[in-house]
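Letters go in sequence order (proteins before strands), and every chain restarts at 1.
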Amino acid sequence: MSKRRRYWLMKSEPDAFSIDDLERVGTEPWNGVRNYQARNFMRDGMQVGDGVLFYHSNTKPPGIVGTATVASHAYPDETQFDPSSHYHDPKATREEPRWFLVDVAFERKLSRIITLDEIKSHADELGDEFALIRRGNRLSVFPVSAAHYKFLLSLE
DNA sequence: GCCAACGTTGGC
DNA sequence: GCCAACGTTGGC
């Protein structure tokens, strides 16, 4: 069993939850993910202490704005059980939860945004396997290699 | 606000 | 199991 730190990129729309919000609250349950692949990364791949690139999506400009750490193992997303929640899933039960999340803890804000444009300008170094700049990528949670994590932060 | 690129759903 | 219809994401 490897204890080696893994790295991830997690997207959030700043209107809904920004890096400043995370700084304010310190730790946040990453609720509302309703994509199976993203869920599987959180449920099966994440370990406490893993590094997270915090990305602002659907804003101008989109880009990496900070870092965070995985602060819990995966557990059921409470919002799936709440009929009044936007994220309610009528097919989920407490016996068989469908959606899982981890807690994410604030680490730091970057001194500046590493914009999507800038990341794209380094496509040659990052290569095709970097999911963020692959065509049509909509995943909100995905793994980043240690080398890519280091490279992206070196752009700061 | 538009729309491409998906993922999901449900009829068959 | 196929696939059309629909909903969502997220850059632009």
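- No hydrogens or angles considered: a donor-acceptor pair under 3.5 Å links the side chains of A/Thr79 and A/Arg34.
- With 3.5 Å as the limit, one finds a donor-acceptor pair spanning the side chains of A/Ser111 and A/Glu156.
- Atom OH in A/Tyr36 sits roughly 15 Å away from atom P in C/dT8 (whole-Å rounding).
- A/Ser84 and A/Asp82 form a side-chain donor-acceptor contact under 3.5 Å, judged by distance and modelled atom types alone.
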Protein N or O to nucleotides 10-12 of chain C N or O, pairs below 3.5 Å:
from	atom 1	to	atom 2	distance (Å)
C/dG10	OP1	A/Lys11	NZ	3.1
C/dG10	OP1	A/Arg138	O	2.8
C/dG11	OP1	A/Tyr55	OH	2.8
C/dG11	OP2	A/Asn58	N	2.8
C/dC12	OP1	A/Lys120	NZ	2.6

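- The aromatic ring centroids of A/Tyr87 and A/Trp30 lie 6.0 Å or more from each other.
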message: Applying side-chain contact (heavy atoms from CB on, under 4.5 Å) to A/Phe151 and A/Leu153, what does each step give before you reach the verdict?
response: CA-CA 5 Å; A/Phe151 176 78; A/Leu153 290 181; over 6 Å; no
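- Positionally, the nearest nucleotide of DNA chain B for A/Asn35 lies more toward the 5' end than for the other of A/Asn35 and A/Lys91.
- A/Arg135 places its CZ atom 14 Å from the P atom of B/dG7, with the value rounded to the nearest Å.
- The ring pair (Phe, Tyr, Trp, His ring centres under 6.0 Å) test with A/Tyr36 is passed by exactly one of A/Phe41, A/Phe100, A/Trp99: A/Trp99.
- For the ring-ring contact (aromatic ring centres under 6.0 Å, His included) test, residues two or more places apart in sequence or in another chain that qualify with A/Tyr7 are A/Tyr149.
- For A/Glu125, the CD atom sits in a packed shell: over 12 heavy atoms of surrounding residues, nucleotides or ligands are nearer than 6.0 Å.
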Might you list the N or O atoms of the protein lying below 3.5 Å from N or O atoms in nucleotides 3-5 of chain C, with each pair's distance?
none

